[in-house]
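Notes follow once the structure below has been shown.
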Amino acid sequence: MTIAMSEAEKMQGSSERRPQNLVTQRIVTYLRPRALLSSGERLTISAFGVLLFFGVWFLVTEAGWIQPFFLPSPLSVTKRLFEMVASQGYLIDVWASVYRVFGGFIIAALAAIPTGVLIGNFPFFRSLLEPLLSTARYLPATAFVPLMIIWLGIDESQKIAVIFIGTFFPLALFIANISEGVSNDLLNSAYTLGASSRQVFFRVLLPACVPSIVDALRITAGIAWTYVIVAELVGADKGMGIAILQSQRFLLTDQVIAGIAAVGILGVITDLLFRLAHRKLFPYMY
Amino acid sequence: MTQVLLENVSVQFLRYREPPQIALDHTNLSIEEGEFVCLLGPSGCGKSTLLNVLGGLFPSSTGKISVGGKSVSQPGPDRGMVFQNYSLYPWLTVRGNIEFGPRLNNWPAAKIATITDELIDIVGLKDYAGQYPKVLSGGMRQRVAIARALAMEPHVLLMDEPFGALDAQTRSRMQELLLDIWSRKRNTVIFVTHDIEEAVYLADRVLVMSTRPGRIIEDFKIELPRPRFAEVVASEEFTQYRRRMLHLLRH
Ligand SMILES: Nc1ncnc2c1ncn2[C@@H]1O[C@H](COP(=O)(O)OP(=O)(O)OP(=O)(O)O)[C@@H](O)[C@H]1O
Ligand SMILES: [Mg+2]
């Protein structure tokens, strides 16, 4: 710890102000915008934040300050989650939701990538599509649920459609923004090397924006997870959303929280997979 | 033989709530094949505009432009361009960047390999041929950009402050390298700079431009002997040219 600190100290060149002791010195550093912290220190702080959260939760529940009915302890939530997986067939619910999330999200991505790239780089398509898309972005996907039920009934396609609507519009505009940001110099140098419009599009524009598009997908995947819960409100007999809803109906607070935590865990896994794929696909960026 | 010809070329930019900005005002210019010409002028005088119009990246409002007898309206591989901020393709290696043009144009593989190898050798990046641009220094990146433009064997090489972002030492080495390449390839070079010494050191002709409206106000023939080495900067003639240009830009 001390070594890491003195290094950080050197980098900031603040040796002329000698703080009195270690604690004040650290506090001063933490309050400086964009202060340099070693990776070990950052990790320690993250771990501290997480531990603090669970510590407080553990304390208030175990000490009996809050009744388990309102907030069960983290231990019983964890236990419950294991039970759900082991003996209540929770994995079937998980699979049902994963299927919906990825079904809807993949279809949205397949539609949004070309739409976004076209809007971002062809004024014709921008003029044609942008007014509609920008408006549609403000329409709440949840408000489409009744319409989707009328159109598609209450089977899988309705749930996938809700996720599609929820993710397509933000994703398309996000990607439009990204592909618009590709430097003109990259395109111009290709033109001066004799590239046709087609070649500039496929050999420069696309490779230049694909890494950021993968990042956009990673960020938007979170939105898909939030909509799956809404999508399962009606006519689902399996799924993580419906599991939470049913637990609430029977006032099983620990099961509600376990269900929410499970969504969180899957979200983190999705995020990690995207980051890993990014590293594998675009080694030249690392 | 005349390689580049501008007749009465003007460029205007529309401005917000102001009359249009005249970036280039009725400019006439003729450049011989194999000449090394520097465009010198203060910031905002229209150097990049002139270069981009020549490159076909931007249409002129009036006048005629021709390169190698052909009228210019679009970018083409007969006019290679090197930009100030490198603009390499980050997803391609050094070799991939250099052979990008020839590959697009479906040159035979053997020819591509010969040309790429030669260029990698000329710009001194043999050890980095398989590396991505991210790991290269500024000078190395600019060498790749020059090699990439040369790979298409352009008649004219258009360079917009290519060494502007480099430190003095790297810059002077890059200038020597450029002269060395030019003495072998003998392309016509149009080189934009706002550095008087750079212009005099490199050029056969220095065209000095003035601001508002942008036009060429003086055409200096630089009669320093070639090959030129860094020491030439200290010579009496060099100082003469420098003083006259400085006076012109200051007036
Ligand atoms: N795309 C544009 N739209 C409007 N005005 C422009 C545009 N590009 C350039 N101009 C104007 O044209 C004039 C000449 O610009 P140009 O970029 O050619 O200058 P420059 O000589 O290359 O300057 P520098 O040395 O700073 O690069 C400037 O006054 C600038 O404001
Ligand atoms: Mg410029």
Side-chain angles (χ1 to χ4, degrees), chain A residues 39 109 113-114 116-117 120-124 126-127 174-175 177-218 274-286, chain B residues 48 51-52 54-58 67 72-94 96-107 130-136 141 144-160 162:
Chain A
S39 64
I113 293 170
V117 174
N121 291 283
F122 298 86
F124 172 81
R126 163 154 300 217
S127 307
F174 200 169
I175 290 172
N177 212 348
I178 288 168
S179 66
E180 196 184 0
V182 173
S183 148
N184 261 334
D185 283 356
L186 281 192
L187 306 196
N188 283 342
S189 64
Y191 280 122
T192 61
L193 292 168
S196 62
S197 295
R198 199 190 142 83
Q199 286 173 320
V200 167
F201 184 81
F202 285 104
R203 315 247 320 235
V204 179
L205 197 61
L206 282 190
C209 58
V210 160
S212 306
I213 289 179
V214 171
D215 253 341
L217 293 179
R218 178 175 64 80
F274 266 111
R275 284 179 198 270
L276 207 72
H278 200 273
R279 264 175 191 276
K280 283 264 174 282
L281 289 171
F282 315 114
Y284 56 85
M285 300 190 75
Y286 294 94
Chain B
S48 299
L51 212 68
N52 289 340
L54 268 173
L57 298 177
F58 203 90
V67 172
V72 165
S73 60
Q74 280 187 346
D78 57 330
R79 286 151 287 139
M81 284 189 92
V82 178
F83 301 88
Q84 174 164 8
N85 43 6
Y86 321 130
S87 66
L88 298 181
Y89 307 122
W91 60 92
L92 296 177
T93 59
V94 165
N97 266 283
I98 296 174
E99 61 187 19
F100 184 80
R103 270 173 182 275
L104 281 186
N105 292 278
N106 292 317
W107 289 11
Q131 298 297 315
Y132 289 112
K134 190 169 190 234
V135 304
L136 304 182
R141 285 180 203 196
V144 179
I146 293 170
R148 182 177 67 183
L150 287 173
M152 289 305 293
E153 304 185 320
H155 300 303
V156 183
L157 191 58
L158 306 169
M159 309 179 84
D160 194 352

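Just so we're clear, the structure is a prediction, and the values are computed from it rather than from any experiment.
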In short, P77(B) meets G194(A) closest at the heavy-atom pair CD-CA, 3.7 Å
Considering only heavy atoms, which portion of V204(A) lies under 4.5 Å from any heavy atom of chain B: side chain, backbone, both, or neither? both
With heavy-atom distances below 4.5 Å as the criterion, would you say the side chains of L104(B) and R203(A) are in contact? yes
Got a second to check how far M81(B)'s CE is from Y191(A)'s OH, nearest 0.5 Å? 14.0 Å
Calculate, to the nearest 0.5 Å, the distance between atoms CZ and OG1 belonging to F83(B) and T192(A) respectively. 5.5 Å
Part of A151(B) within contact of chain A (heavy atom distance under 4.5 Å): neither
Take atom CZ of R218(A) as the centre, draw a 6.0 Å sphere, and report whether it contains more than 12 heavy atoms from other residues, nucleotides or ligands. yes
Using a 3.5 Å distance criterion without hydrogens, assess whether the side chain of D185(A) forms a donor-acceptor pair with backbone atoms of L88(B). no
CG of L206(A) to CH2 of W91(B), rounded to nearest 0.5 Å, is 9.5 Å
Closest-packed option against chain A by number of heavy-atom pairs under 4.5 Å, given P154(B), S87(B), P102(B), A145(B): S87(B)
Closest non-hydrogen atom pair, Y284(A) against K134(B): O-CD, 3.6 Å
Mind ranking P283(A), A195(A), A208(A), P211(A) by heavy-atom pairs under 4.5 Å with chain B and telling me who comes out on top? A208(A)
Less than 3.5 Å apart, any donor N or O on the side chain of Y89(B) or S189(A) sitting next to an acceptor on the other? yes
